[in-house]
Amino acid sequence: MVKNLRDIRIADYDYQLPEERIALHPVAERDKCKLLVHNPDRTLVDTTFDNITNILPDDSVLIYNNTRVINARLRFHKAPTMQGPGAIIEIFCLEPASPRDYALSFASKGKNIWTCLVGNSKKWKSGPLSLNITLKDGRSATLTATRISKNATTSEICFNWDADLDIDFASLIEAAGEIPIPPYLNRSTEASDSDDYQTVYSRFDGSVAAPTAGLHFTTRLLEDIDKRGIQRRELTLHVGAGTFKPVTADTIGDHPMHSEWISVSQQLIRELADTERTIIAVGTTSVRTLESLYHLGCMIATDLEPTEVPQWYPYSPTHPGLSRQQSLTTLATYMQQNNLDQLIASTRIMIAPGYKYRIVDGMVTNFHQPRSTLLLLVSAFIGDDWKILYDHALSATDYRFLSYGDACLLFPSR
């Protein structure tokens, strides 16, 4: 038993994943993928995802992430020179820097600034890059990218275009950008990914990766869930590229968690404070958001600003350890006092074995990469049974892994 959570070795959360088990595309019908259920009595059940309606507890409330993946990958061509053709510079938009609000940035006309990854960066010594864009309505625009600062990993890129054209940034990247499919698929983006890599309930632009557990839901399945009387609620977490960042440190204490932007309504927070229903989170992004709400309420109770949940805050000796109702009521009251219908914050929360879940009673999720923080999150929920779960899925030859793969429905052991 590890006495200090930060001393957990990531090597203990490794497994052999054959390349052929990584799904390169989803199944033809989203809700016909396989579903592996981990029951409270620790038994495993093999079924298909469209049967989830019959498995969820009668009193369930299903909470999912309504973020939408943006065409974050932009390719600019440098002008040719006497030495040869111009290089291709790839700019990967991570998150808005000015304005920092996602909605305002996508609605901006003429200029904004984003934090980006730059591919082939050495070929971009100085000066702006230009990209000619034709929109779906036939209008044309020229998008200019200027690097205004950089650090070891990211750059601040100022985008400019003619404000008189009355074209917003969302329209430009929708027309010129590319869906950023996960790097472990080891293939180029295809036209089908534009639909395959979005949930049917995606609404708010901002993610650079899909909340993949939600990819299995169809409109038909959601209608069946509604007919059964299972409640559905939404929240937003914009998934960052850090979700794919491997843990390279030997222990998780040396792994810096990435920050992700969340948005949750005051109404949902009040519902969660008072509900006695079984809360089922769809995807690890919903898990991270819901659990972060609890800790934001605890931060307010101890006079800390609820702007971002630090990575190790849940394990702090000064954490007040409020009940779920106390914490979420505190958070909702804070929002009411500050006239906030929507809570906007960010989270770096690290959920690892030793973490005590405060809100989530069950989760829908996919099979995750070896040595990943998402595997740590699953282990914190069902303990060492994650090994039994994954061994079972690997020994059954038809389970498919990662973003386009099959799903799990997990309940913690009694």
Original post:
Quick check: are there more than 12 heavy atoms from other residues, nucleotides or ligands sitting under 6.0 Å from CZ of R42?
Top reply: no
Subject >> Salt bridge flag under 4.0 Å for residues R277 and E271 >> reply: no
Original post:
Is any side-chain N of the basic residue among K32 and D50 closer than 4.0 Å to the acidic one's carboxylate O?
Top reply: yes
Got a list of side-chain donor-acceptor pairs under 3.5 Å for residues 251-259, not counting sequence neighbours?
residue: T251; atom: OG1; partner: D254; partner atom: OD2; Å: 3.4
residue: H258; atom: ND1; partner: G242; partner atom: O; Å: 3.4
residue: H258; atom: NE2; partner: E260; partner atom: OE2; Å: 3.4
residue: S259; atom: OG; partner: E308; partner atom: OE2; Å: 2.8

**OP:** Nearest 0.5 Å please: distance from the CG atom of L409 over to the NE2 atom of H216.
**Re:** 11.5 Å
Original post:
Could you go step by step and tell me if I52 and D31 meet the side chain to side chain contact (heavy atoms under 4.5 Å, CB included) rule?
Top reply: CA-CA 9 Å; I52 195 170; D31 57 6; over 6 Å; no
Subject >> Straight-line distance of I89 CD1 to L131 CG, nearest 0.5 Å >> reply: 12.5 Å
Subject >> pair T67-L237: side-chain heavy atoms closer than 4.5 Å >> reply: no
Original post:
So which heavy atom on G405 is nearest to which on N366, and how close?
Top reply: O-ND2, 4.0 Å
**OP:** Give a yes or no on whether E19 atom CD has more than 12 heavy-atom contacts from other residues, nucleotides or ligands under 6.0 Å away.
**Re:** no
Original post:
Any donor and acceptor pair, going by atom type alone, linking the side chain of N120 with main-chain N or O of K123 inside 3.5 Å?
Top reply: no
Original post:
With no hydrogens and no angle check, is any side-chain donor or acceptor of N66 less than 3.5 Å from a backbone partner on R203?
Top reply: no
Subject >> More than 12 heavy atoms from other groups under 6.0 Å of CD on E190 >> reply: yes
Original post:
W114 vs F169 aromatic rings, parallel, tilted or perpendicular, using cut-offs 30° and 60°?
Top reply: tilted
**OP:** Kindly check if the number of other-residue, nucleotide or ligand heavy atoms within 6.0 Å of CG (D250) is above 12?
**Re:** no
Original post:
Among side-chain atoms of T53 and D224, is any donor-acceptor pair under 3.5 angstrom?
Top reply: no
Subject >> Option passing salt bridge (charged side-chain N to carboxylate O under 4.0 Å, His left out) with K109 (candidates D162, D166, D168) >> reply: D166
Original post:
Got a second to check how far Q198's CD is from D196's CG, nearest 0.5 Å?
Top reply: 10.0 Å
Original post:
Does any donor atom in the side chain of Q231 or S60 lie under 3.5 Å from an acceptor atom in the other side chain?
Top reply: no
Original post:
Are any side-chain N or O atoms of T329 and backbone N or O atoms of Q325, one a donor and one an acceptor, separated by less than 3.5 Å?
Top reply: yes
Subject >> Side chains of K150 and W124 in contact at under 4.5 Å (non-hydrogen atoms) >> reply: no
**OP:** Could you tell me the separation between the CD1 atom of I167 and the CG atom of L172, rounded to the nearest 0.5 Å?
**Re:** 6.0 Å
Original post:
Between the main-chain N or O of I88 and the side-chain N or O of H77, is there a donor-acceptor pair closer than 3.5 Å?
Top reply: no
**OP:** Might you point out which heavy atoms bring D205 and F106 nearest each other, and give the distance in Å?
**Re:** O-CE1, 3.3 Å
Original post:
Parallel, tilted or perpendicular: which describes the rings of W386 and Y390, with under 30° parallel and over 60° perpendicular?
Top reply: perpendicular
**OP:** Consider only side-chain N and O atoms of T189 and R73, and report whether a donor and an acceptor are under 3.5 Å apart.
**Re:** no
Subject >> Sidechain-backbone polar pair: T302 side chain, M299 backbone, donor-acceptor under 3.5 Å >> reply: yes
Original post:
Under the 3.5 angstrom rule, does the side chain of S155 hit a backbone N or O of I157 as a donor-acceptor pair?
Top reply: no
Subject >> CA sep, side-chain torsions, deciding dist, call: D46, H392, side chain to side chain contact (heavy atoms under 4.5 Å, CB included) >> reply: CA-CA 10 Å; D46 298 293; H392 178 90; 2.9 Å; yes
Original post:
So H238 and W261, would you call those rings parallel, tilted or perpendicular, with 30° and 60° as cut-offs?
Top reply: parallel
Original post:
Do the side chains of R400 and F367 get nearer than 4.5 Å, heavy atoms only?
Top reply: no
Original post:
Has the side chain of R6 got a donor or acceptor atom that lies under 3.5 Å from a matching backbone atom of W312?
Top reply: no
Original post:
Passes side chain to side chain contact (heavy atoms under 4.5 Å, CB included), F217 versus T199? Steps please.
Top reply: CA-CA 7 Å; F217 287 91; T199 63; over 6 Å; no
**OP:** For the residue pair P182 and Y404, establish whether any side-chain heavy-atom pair is separated by less than 4.5 Å.
**Re:** no
Original post:
Going by heavy atoms in the side chains, are Y201 and T219 under 4.5 Å from each other?
Top reply: no
Original post:
If you take all heavy atoms of G362 and F411, which pair is closest and at what distance?
Top reply: CA-CD2, 4.2 Å
Original post:
Relative to the ring of H319, is the ring of H295 parallel (under 30°), tilted (30 to 60°) or perpendicular (over 60°)?
Top reply: perpendicular
Original post:
Considering only heavy atoms from C-beta outward, does the side chain of Y313 approach that of L304 to under 4.5 Å?
Top reply: yes
Original post:
Got a donor-acceptor contact below 3.5 angstrom from the S105 side chain to the Y102 backbone?
Top reply: no
Original post:
What distance separates L331 CG from L322 CG, expressed to the nearest 0.5 Å?
Top reply: 11.5 Å
Original post:
Can any side-chain N or O of R21 pair as donor or acceptor with the backbone N or O of Y399 at less than 3.5 Å?
Top reply: yes
**OP:** Please examine the side chains of R358 and K356, heavy atoms only from C-beta on, and report whether any two atoms are closer than 4.5 Å.
**Re:** yes
**OP:** Carefully, step by step, assess Q369 and F401 under the rule side chain to side chain contact (heavy atoms under 4.5 Å, CB included).
**Re:** CA-CA 8 Å; Q369 288 179 285; F401 280 65; over 6 Å; no
Original post:
For the residue pair V360 and E291, what are the closest heavy atoms and their distance?
Top reply: N-OE2, 3.0 Å
Subject >> Heavy-atom pair with the smallest gap, counting every atom of A380 and P353 >> reply: CB-N, 3.7 Å
**OP:** Give a yes or no on this: more than 12 heavy atoms of other residues, nucleotides or ligands lie within 6.0 Å of atom CZ of R100.
**Re:** no
Original post:
Is the closest side-chain donor-acceptor distance between Y64 and R232 under 3.5 Å?
Top reply: yes
Original post:
Using the benzene-type ring in the case of Trp, are the ring centres of Y355 and F381 under 6.0 Å apart?
Top reply: no
Original post:
Does one side chain, of T48 or N51, offer a donor that lies under 3.5 Å from an acceptor on the other?
Top reply: no
Original post:
If only atom types and distance count, is the side chain of S372 paired as donor or acceptor with the main-chain N or O of L375 below 3.5 Å?
Top reply: yes
Original post:
Below 4.5 Å, heavy atoms only, C-beta onward: do F204 and S263 meet side chain to side chain?
Top reply: no
Subject >> Minimum heavy-atom distance A97-E156, with the two atoms named >> reply: CB-OE1, 3.2 Å
**OP:** May I ask you to check whether T154 and N151 show a side-chain donor-acceptor distance below 3.5 Å?
**Re:** yes
Subject >> From S286 atom OG to I359 atom CD1, the distance as rounded to the nearest 0.5 Å >> reply: 12.0 Å
